[in-house]
J.: 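Dumping the structure here so I can ask a few things about it.
Chain letters run A, B, ... following the sequence lines, proteins first, then strands; residues in each count from 1. Side chains included, hydrogens not; waters and symmetry mates left out as well; all remaining heavy atoms used.
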Amino acid sequence: MKSEPDTYGLGDLEKEKTTLWDGIRNYQARNFMRSMKIGDQAFFYHSNCKPPGIVGLMQITATKIIDPTQFDSQSKYYDSKSTEINPRWDCVEVKYKGEFSNKLSLEDLKKLYTDEELKVVKKGNRLSIIPVERKTAEDLLLNLGKLI
DNA sequence: GCCAACGTTGGC
DNA sequence: GCCAACGTTGGC
């Protein structure tokens, strides 16, 4: 799950402990969130920064939550076409699990994994939520070191 | 700041 | 349903 550290970084989640992963306005990304289950783990990826890459670990603590920002006309995520009866956007709640002792930059990830093993390294991938195969995830956890 | 690689919108 | 125009993401 990607986020820009200037907007909401791993440090912000560490302070807050849990947060709603709201503001997702891409159907494919939304659908990936819908497939998540409570207890699932997720990598926190810092995007649009130097260097981009995986920095921490999270756990899904609640699913299928209606994204409140879609109804807030003051929010940049406001969607005038979404209704309370038929909301377009939902999200999950995540909990901070830790920061990796051996963070992996996008450059590192490209050296370690192919496009197919880890879709985030594929050129042109702009999705902010991308599934990771269990096998790759287990290997990533070994390469990322300890949680600090 | 540039631009590739998308996704979305809206006229037809 | 097609597609041109436009907007966004995000690495570089």
J.: Please name all residues satisfying side-chain contact (heavy atoms from CB on, under 4.5 Å) with A/L20, sequence neighbours left out, ordered by chain then number.
T.: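 A/D22, A/I65, A/P68, A/C91, A/E93.
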J.: Taking side-chain contact (heavy atoms from CB on, under 4.5 Å) as the definition, give me every residue that meets it alongside A/D72, ordered by chain and number, with sequence neighbours left out.
T.: A/Q74, A/S75
J.: For A/Y27, which fellow cluster members are found when Ile, Leu, Val, Met, Phe, Trp and Tyr are connected by side-chain heavy-atom distances below 4.5 angstrom, either directly or through intermediates?
T.: A/W89
J.: Listed by chain and number, what are the side-chain contact (heavy atoms from CB on, under 4.5 Å) partners of A/T114, not counting sequence neighbours?
T.: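 side-chain contact (heavy atoms from CB on, under 4.5 Å) check on A/T114 returns A/E116, A/E117.
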J.: Who clusters with A/I85? Use side-chain heavy atoms, under 4.5 angstrom, across I, L, V, M, F, W and Y, and order the result by chain and number.
T.: none
J.: Which other residues end up in the same hydrophobic cluster as A/Y77, if Ile, Leu, Val, Met, Phe, Trp and Tyr are linked when side-chain heavy atoms come under 4.5 Å apart?
T.: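 Hydrophobic cluster check, A/Y77: no partners found.
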J.: Identify, with sequence neighbours excluded, every residue that meets side chain to side chain donor-acceptor pair (under 3.5 Å) alongside A/R30.
T.: none
J.: Please, which pairs that meet ring-ring contact (aromatic ring centres under 6.0 Å, His included) have at least one residue in residues 32-72 of chain A, sequence neighbours excluded?
T.: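 For residues 32-72 of chain A, and leaving out neighbouring residues, the ring-ring contact (aromatic ring centres under 6.0 Å, His included) pairs sorted by first residue read A/W21-A/F44, A/F44-A/H46.
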J.: Indicate the atoms forming the closest heavy-atom contact of A/K97 with A/M58, along with that distance.
T.: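 Where A/K97 meets A/M58 most closely, the heavy atoms are CG-C, 3.6 Å.
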J.: Dump the pairs, protein N or O against N or O of nucleotides 9-12 of chain C, anything under 3.5 Å, distances to one decimal.
T.:
| unit_1 | atom_1 | unit_2 | atom_2 | d |
| --- | --- | --- | --- | --- |
| C/dT9 | O3' | A/R126 | O | 3.3 |
| C/dG10 | OP1 | A/K2 | NZ | 3.4 |
| C/dG10 | OP1 | A/R126 | O | 2.9 |
| C/dG11 | OP1 | A/Y45 | OH | 3.0 |
| C/dG11 | OP2 | A/N48 | N | 2.8 |
| C/dC12 | OP1 | A/K110 | NZ | 2.7 |

J.: How long is the line joining NZ of A/K119 and P of B/dC6, in whole Å?
T.: 15 Å
J.: Output the residues of residues 27-36 of chain A in contact with DNA chain B, where contact means a heavy atom of the residue under 4.0 Å from an atom of the strand; sort by number or write none.
T.: A/Y27, A/Q28
J.: If the condition is side-chain contact (heavy atoms from CB on, under 4.5 Å), which residues does A/E16 pass it with, not counting sequence neighbours?
T.: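 Counting only residues at least two positions away or on another chain, A/E16 forms a side-chain contact (heavy atoms from CB on, under 4.5 Å) with A/Y8, A/T19.
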J.: List in numerical order all residues of residues 73-94 of chain A for which some heavy atom is under 4.0 Å away from an atom belonging to DNA chain C.
T.: none
